[in-house]
Amino acid sequence: MSRRPSWLYEGARVLDADDREAIVQFIGEFEDPATRRIVPQAVFLRPEGGGREWVVADHQALREADAR
């Protein structure tokens, strides 16, 4: 996996591959329950204001969101 960009950190505002804006909650190890595959640097996201969290296995699928 390639090196994480400097704008990708916990608390950063990002856009995922589906253009959903989210806040980075955590960057760390994730085990996919379906495949049992370990992802060492998965990115855990949640929508601003709360909601259901989701995980992105490859940070290259994310883009930096515009500053507010």
Side-chain angles (χ1 to χ4, degrees):
M1 185 173 282
S2 66
R3 187 178 174 131
R4 227 177 28 224
S6 62
W7 54 262
L8 186 59
Y9 53 88
E10 293 174 10
R13 190 180 294 292
V14 299
L15 295 168
D16 72 2
D18 297 324
D19 286 331
R20 295 182 293 180
E21 189 168 335
I23 305 296
V24 176
Q25 292 300 292
F26 176 72
I27 300 171
E29 188 174 286
F30 171 72
E31 181 177 347
D32 184 329
T35 64
R36 308 303 281 181
R37 185 175 152 245
I38 302 287
V39 179
Q41 291 291 307
V43 182
F44 294 74
L45 304 171
R46 75 160 173 79
E48 186 173 16
R52 186 172 195 141
E53 183 177 79
W54 70 98
V55 179
V56 175
D58 185 358
H59 70 77
Q60 293 180 357
L62 300 173
R63 299 184 321 273
E64 184 176 17
D66 292 333
R68 290 193 172 186

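Under the 4.5 Å side-chain criterion, counting only non-hydrogen atoms from C-beta, Glu53 is not in contact with Pro47. Phe30 has its side chain out of reach of Gln41: every pair of non-hydrogen atoms, C-beta onward, lies at least 4.5 Å apart. Side-chain contact between Val14 and Trp7 is present, with heavy atoms from C-beta onward closer than 4.5 Å.
Legend: residues meeting salt bridge (charged side-chain N to carboxylate O under 4.0 Å, His left out) with Arg13, ordered by chain and number and at least two apart, are Glu21, Glu48.
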Side chain to side chain contact (heavy atoms under 4.5 Å, CB included) evaluation trace for Leu45 with Val55:
CA-CA 6 Å; Leu45 304 171; Val55 179; over 6 Å; no
So Glu64 and Leu15, side chain to side chain contact (heavy atoms under 4.5 Å, CB included) or not? Walk me through it.
CA-CA 6 Å; Glu64 184 176 17; Leu15 295 168; over 6 Å; no
Side chain to side chain contact (heavy atoms under 4.5 Å, CB included) between Glu29 and Val39: does it pass, once the steps are laid out?
CA-CA 6 Å; Glu29 188 174 286; Val39 179; over 6 Å; no
Check step by step if side chain to side chain contact (heavy atoms under 4.5 Å, CB included) holds for Ile27 and Arg4.
CA-CA 10 Å; Ile27 300 171; Arg4 227 177 28 224; 3.1 Å; yes
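Heavy atoms only, all atoms of each residue included: Trp54 and Arg20 are closest at NE1-NH2, 3.3 Å. Here the closest heavy-atom approach between residue Ala61 and residue Val56 is recorded as CB-CG1, 4.2 Å.
Arg46 contributes atom CZ, which lies 4.0 Å from atom CD of Gln25 (distance to the nearest 0.5 angstrom). Separation of atoms CG (Leu8) and CZ (Arg3) is listed at 12.5 Å; rounding is to 0.5 Å.
Within the 3.5 Å criterion, the main-chain N or O of Arg36 finds no donor-acceptor partner in the side chain of Asp32. Judged purely by atom type and a 3.5 angstrom limit, Asp16 uses its side chain to pair as donor or acceptor with the backbone of Asp18.
Within 6.0 Å of the CG atom in Asp66, the count of heavy atoms belonging to other residues, nucleotides or ligands does not exceed 12.
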